[in-house]
Protein chains: 2
Amino acid sequence: MDVFEAVAEPNRRHLIGLLAERDRTAGELVDSLPALTQPAVSRHLRVLREVGLVDVRPDGQRRIYALKPDGLQRIDTWIAPYRRFWRDHLDALQQHLENR
Amino acid sequence: MDVFEAVAEPNRRHLIGLLAERDRTAGELVDSLPALTQPAVSRHLRVLREVGLVDVRPDGQRRIYALKPDGLQRIDTWIAPYRRFWRDHLDALQQHLENR
DNA sequence: CGCTTATATACGCTCTAAGTTATAAAACTG
DNA sequence: CAGTTTTATAACTTAGAGCGTATATAAGCG
């Protein structure tokens with residue numbers, strides 16, 4: 001499993017969104033996905049860990065999860081060269097609007 | 001299947017890369033993935049079409065595929081808010097290096 | 001027209017991701 | 001210590017992705 005597959009799963013994107021706000025315990029993250037059971041969320045967290053998107057630190061009985069800065073950057077690096085496509089597209093549109 | 005899943009598959013990322021250079025016929029794209037059979041590539045192209053990442057136009061017997069500008073933008077839009085994470089991280093690193 | 005070329009679809013197979021229930025492991029609590 | 005809380009893992013099931021072979025479809029060509 002790589003970063004791209006990890007991020008392809010909607011529940012995992014949800015978890016990433018929450019961790020972007022602030023660090024959270026596994027339990028908080030479980031509560032944030034009421035449609036899933038605790039083991040299901042735990043496994044999603046494992047995936048995010050394994051691809052380097054999050055970090056965990058123990059806090060007594062709890063595990064505190066944190067978003068890892070460089071994880072998503074790998075996707076951004078891949079997408080960067082393509083950015084000119086919609087930038088060019090937008091420029092063309094702007095020009096069209098300005099010239100009419 | 002959504003854009004994220006579409007892009008999670010390595011062969012499809014390969015196809016996107018080629019189409020970023022220039023438009024290509026289905027046949028050219030099939031040749032670009034010698035490990036796969038023609039039907040396999042055809043199905044990948046179908047997926048890319050269905051999620052709006054590419055466009056097709058007929059040219060007689062051939063089909064010419066082209067990258068669609070706004071397809072990947074949806075991923076970029078999702079990732080944009082997180083960009084501050086590694087930008088901040090980089091700033092912190094730079095500062096650290098400058099201050100020693 | 002038959003024949004070939006180019007592309008898409010149908011079908012069946014295999015492998016794995018994602019979910020559940022049940023349980024383990026480890027730390028807190030009275 | 002016994003019981004509870006918190007998180008992770010095990011075992012199993014199911015759904016679907018991705019592949020290959022075979023076939024359909026449609027356009028070019030002699």
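None of these values were measured; they are calculated from a predicted model. Within every chain, numbering begins at 1; the chains are lettered A, B, ... in the order of the sequence lines, protein sequences first and strands thereafter.
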Point to revise | Closest-nucleotide ordering on DNA chain D, the 5'-leading residue of B:Thr37 and B:Asp59 | key: B:Thr37
Study note, to complete from the structure: For B:Val3 and B:Gly71 the tightest heavy-atom approach is CG1-O, 4.0 Å
Review point. Hey, are B:Arg63 and B:Asp55 close enough for a salt bridge, meaning a charged N less than 4.0 Å from a carboxylate O?
Key: no
Review point. Any ion pair linking A:Glu9 and A:Arg13 (charged N to carboxylate O, less than 4.0 Å)?
Key: no
Check your understanding: Where the side chain of A:Arg12 meets the backbone of A:Glu5, is there a donor-acceptor pair that is under 3.5 Å apart?
Key -> yes
Point to revise | Atom-pair distance (CD on A:Gln61; C1' on C:dA24), nearest Å | key: 15 Å
Review point. Does B:Asp23 pair with B:Arg62 as a salt bridge, N-O distance under 4.0 Å?
Key: no
Review point. Please give, in whole Å, the distance from C:dT7 C1' to B:Leu36 CG?
Key: 16 Å
Practice item. Assign B:Pro58 to base, sugar-phosphate, or nothing according to its heavy-atom contacts below 4.0 angstrom with the strands shown. Key: nothing
Point to revise | Whole-Å gap separating P (C:dT7) and OH (B:Tyr65) | key: 9 Å
Practice item. Identify the 5'-most and 3'-most nucleotides of DNA chain D with at least one atom closer than 4.0 Å to a non-hydrogen atom of chain A. Key: D:dT5 to D:dT9
Practice item. Give a yes or no on whether a salt bridge exists between B:Arg87 and A:Asp70, defined as a side-chain N under 4.0 angstrom from a carboxylate O. Key: no
**Study point:** Phosphate OP1/OP2 of C:dG19 contacted by A:His44 side-chain N/O (<4.0 Å)
**Key:** yes
Revision key, fill the gap. Scanning both residues in full, the closest heavy-atom pair of B:Ala6 with B:Leu53 reads CB-CD1, 4.1 Å
Study note, to complete from the structure: From CD of A:Glu5 across to C1' of C:dA17 the rounded distance in Å is 9 Å
Review point. Tell me: CD of A:Gln38 to P of C:dT23, nearest whole Å?
Key: 15 Å
Review point. So, do A:Tyr82 and A:Trp86 have ring centers that fall under 6.0 Å from each other?
Key: no
Exercise for review: May I ask you to say whether B:Asp31 pairs ionically with B:Arg24, meaning some side-chain N is under 4.0 Å from a carboxylate O?
Suggested key: no
Revision key, fill the gap. Sorted by number, residues from residues 8-35 of chain A placing a heavy atom under 4.0 Å from DNA chain D are A:Thr25, A:Ala26, A:Gly27
Exercise for review: Tell me, with the steps shown, if A:Phe4 and A:Val51 meet side-chain contact (heavy atoms from CB on, under 4.5 Å).
Suggested key: CA-CA 9 Å; A:Phe4 289 93; A:Val51 304; over 6 Å; no
Could you go through nucleotides 13-16 of chain C and list every protein N or O atom that sits under 3.5 Å from one of its N or O atoms, giving the distance for each pair?
none

